[in-house]
Amino acid sequence: MQAPLRALAITAAAAGVGAAAYASIVERNWFTLRRYEVPVLAPGAAPLRILHLADAHLTPGRHRLMSWIRSLDTLDPDLVVNTGDSIAHKHAVEPFLAALGPLLERPGVFVYGSNDLYSPIPKNPLLYLIESPDQARRRHVPDLPWADLGEGMAAAGWLDVNNQRGRVKAGDLDIEVGGVHDSHIRRDRYDHIAGPTDPTADLRLGVLHSPEPRVMDRFAADGYDLLLAGHTHGGQVCVPGLGALVTNCGIEPRRVRGLHRHPAQGEPDRPWLHVSGGLGTSPWAPFRFGCRPEAALLTLVPRIS
Ligand SMILES: [Fe+2]
């Protein structure tokens, strides 16, 4: 190889190694809190703070992640919503509940994601970018303690809305909540919760792990005001200037994370949608690039009339 070409190859290799080290060591632990104001409440209602957690994929030993989650209690949220993929190891339930810590004393709501049921399997990390839902659906027998995880949150008083509806009081509000199990692995049973929402509730909240449009269309048709989902990891690897390459579900890259509406276009009163970019990654794809791990504080305020 000629000297200029050799220098170019060495520089490219060094840049690749540097980017990989940054993505796996620095950015993966560079947590950020995103704040949004959502004009969804009735005129005159007091603001309500919702802390949205998703995709922790916790393994024992991730102490920085655990202590950061625990620190979010200082935000004084009125309600905590966990949209799943909380654990990634058979011994992660206790550490996850310990990380929630004081947050468990607040009103809470949860659904599962596929990774709460199935342990992560070794694979080429780049497959994250091309994985199809069919690959995830091939496994049928859960091998993670998802029931212990749910029992831990439910024992603290959090509402389990996996294919269920319920009611939660948070702040001054009476909130109707409907949720589904993970649609990414076809465990959603929207028919179990189908039906018009209660117009007398102060807020109608839909909770789901994966923001699949076919499911969100049904939440919208039933009159939910706000939908919360995770799963996408914000794309996990984002190209500067281009953004996310994949969403790993049916939603388009433009709504891979952040506050939008569903459907993306249509009537002015269609539901708000917040997709969390998530707190973690699969242990077998331990990197994030251009897409910092996050939690979100949604401050709900009165609608703009
Ligand atoms: Fe996830």
Side-chain angles (χ1 to χ4, degrees), residues 23-24 27-29 31-32 34 52-59 62 65-66 68-69 81-90 92-93 95-96 99-100 110-123 125-139 142-146 149-150 153 162 179-188 207-212 215 227-238 244-251 253 255-258 273-289 291-296:
S24 61
E27 186 163 324
R28 185 170 173 244
N29 292 298
F31 309 110
T32 188
R34 300 191 190 277
H52 183 186
L53 305 175
D55 298 278
H57 292 262
L58 190 68
T59 50
R62 290 213 65 200
L65 173 56
M66 287 187 260
W68 194 73
I69 292 172
V81 176
N82 174 8
T83 50
D85 275 7
S86 303
I87 57 173
H89 190 279
K90 63 183 178 181
V93 171
F96 182 73
L100 291 177
F110 68 93
V111 292
Y112 298 119
S114 61
N115 289 284
D116 295 316
L117 279 65
Y118 301 107
S119 56
I121 48 177
K123 61 185 178 184
L126 295 179
L127 288 180
Y128 174 82
L129 300 176
I130 56 173
E131 183 186 36
S132 73
D134 288 338
Q135 287 173 294
R137 281 186 214 131
R138 269 189 216 136
R139 303 167 76 196
D143 62 344
L144 287 183
W146 59 272
L149 173 67
M153 291 185 282
N162 287 285
V180 290
H181 204 309
D182 191 357
S183 53
H184 192 60
I185 51 172
R186 302 267 176 188
R187 284 186 175 248
D188 56 301
V207 182
L208 66 169
H209 177 65
S210 181
E212 292 293 349
V215 182
L227 308 178
L228 301 184
H231 175 72
T232 64
H233 299 189
Q236 195 163 318
V237 174
C238 294
L245 301 175
V246 296
T247 67
N248 226 351
C249 61
I251 204 168
R255 292 189 293 167
V256 71
R257 71 165 179 79
L273 165 66
H274 178 255
V275 179
S276 170
L279 290 153
T281 69
S282 163
W284 297 104
F287 49 79
R288 295 181 70 119
F289 190 86
C291 187
R292 289 171 63 185
E294 67 176 56

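Note that ligands are numbered from 1 as they come in the structure, with each ligand's atoms numbered from 1 the same way. Any value given below was found using the heavy atoms of this structure, including those in side chains, with hydrogens, waters and symmetry copies removed.
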Review point. When you look at H52 and T83, which way does the side-chain contact (heavy atoms from CB on, under 4.5 Å) test go after all the steps?
Key: CA-CA 8 Å; H52 183 186; T83 50; 2.9 Å; yes
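Looking only at protein N/O/S atoms, the ones less than 2.8 Å from the Fe ion (ligand 1) make 4 in total.
Between W68 and F31, the ring-plane angle classifies as parallel under the 30° and 60° cut-offs. In this structure, H184 and H231 have tilted ring planes: the angle between them lies in the 30° to 60° band.
Checked against ring-ring contact (aromatic ring centres under 6.0 Å, His included), H57 has the following partners two or more places apart in sequence or in another chain: H233.
The closest side-chain heavy-atom distance from Y118 to P142 is below 4.5 Å.
With respect to N29, the side chain to side chain donor-acceptor pair (under 3.5 Å) criterion is satisfied by exactly one of R292, R288, R62: R62.
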